[in-house]
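Below is one structure, written out as structure tokens; the observations come after it.
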Amino acid sequence: MRFQWMVLSLLMLSGTASFLYINHYQAITASQSAEAQLSDQAIRLQQDLATKNSMIQQLQNEIIQLSRQAEEVRSKVEEMKTLEQELTQLLPPSQAPQPDKPVSAPAQTADREYSSLPVTAQQLELLTSSALASYTSVGQELDKLQAKWQQSKLTILLERERFKRIPNIWPTRSRVVTSPFGYRKDPFTNQSSFHRGIDIAGAMDDPVMATGTGTVVTVAFDPFHGHHVILEHADGLRTWYMHLNSVLVQLGEHVECGQSIGKLGTSGRSTGPHLHYEVVQHGKSTDPQPFLP
Ligand SMILES: [Zn+2]
């Protein structure tokens, strides 16, 4: 009887041990599987993180590049503004557009030195907003420059037109001045007299040209001036062409600078073929020399 009890007890004990062992084995297997799953997830997360870090790095580089470009563009605009101011100074003062007040240097940003990459989000944000502000301000400066250049172009065109209407060439092919402007001994009376123009030597019927664009205000003949023409130009200026052999223009006619208005001669009070050329400003004879090239 006792033996039977012992066998039964042994069987129960081994059954319990088997049960406990199986349970323990199952627990270990489940734990190992969970661990493997976690490990896989960790690897995937690390890969994601690496990709995102690489993207952030690329974006950082692009922001820095944009910021540098903004500074380069700004620097070019500053150069253009200097050039514009130099051009403005070449224009006549009365018509020159007023130069802008000097523009203060752009605000310094936290990361003007690019030797090291910005590392914090705050630094990147600052750099981005600075680049954006720079582009906006450059755009406004370009608009201003465009308006100014258009104004300068108009001024230059007007000035070129005005210049054409001011005597600025020789009235003859000949450059031989036989009698200058000012006091001289009169060839007829041999007494000192004031010569109101210059005498230019030439051959009979040499072309006589309008020295500036203008209007014919006088075509006449008298024993003193001979056949003569008077042109009216800009700035109260008139030019007189005397002792002509013949006249090629009519009263009121518009003439272009360089246009033939008559032929050289010796009509009137003259000792030989020449042109007496006179420049009169606001009714007063003036030295023609400054109006010759
Ligand atoms: Zn003369």
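Order of listing sets the numbers, starting from 1, for every ligand and every atom in it. Since this is a predicted model, take the numbers as computed values, not measurements. By convention here, the first residue in the shown sequence is residue 1.
Between His225 and His276, the distance separating the two ring centers is not shorter than 6.0 angstrom.
At a cut-off of 2.8 Å, His195 coordinates the Zn ion (ligand 1) through an N, O or S atom.
Defined by atom type and a distance below 3.5 Å, a donor-acceptor pair is present between the side-chain atoms of Thr88 and Glu84.
Here Leu83 contributes atom CG and Trp149 contributes atom CH2; the two are 5.5 Å apart, rounded to the nearest 0.5 Å.
Judged by distance alone, the side chain of Ser33 and the main-chain N or O of Thr29 form no donor-acceptor pair under 3.5 Å.
No other N/O/S atom of His276 lies as close to the Zn ion (ligand 1) as ND1 does. Shortest distance from the Zn ion (ligand 1) to Asp199 is reached at OD1 (N/O/S atoms only).
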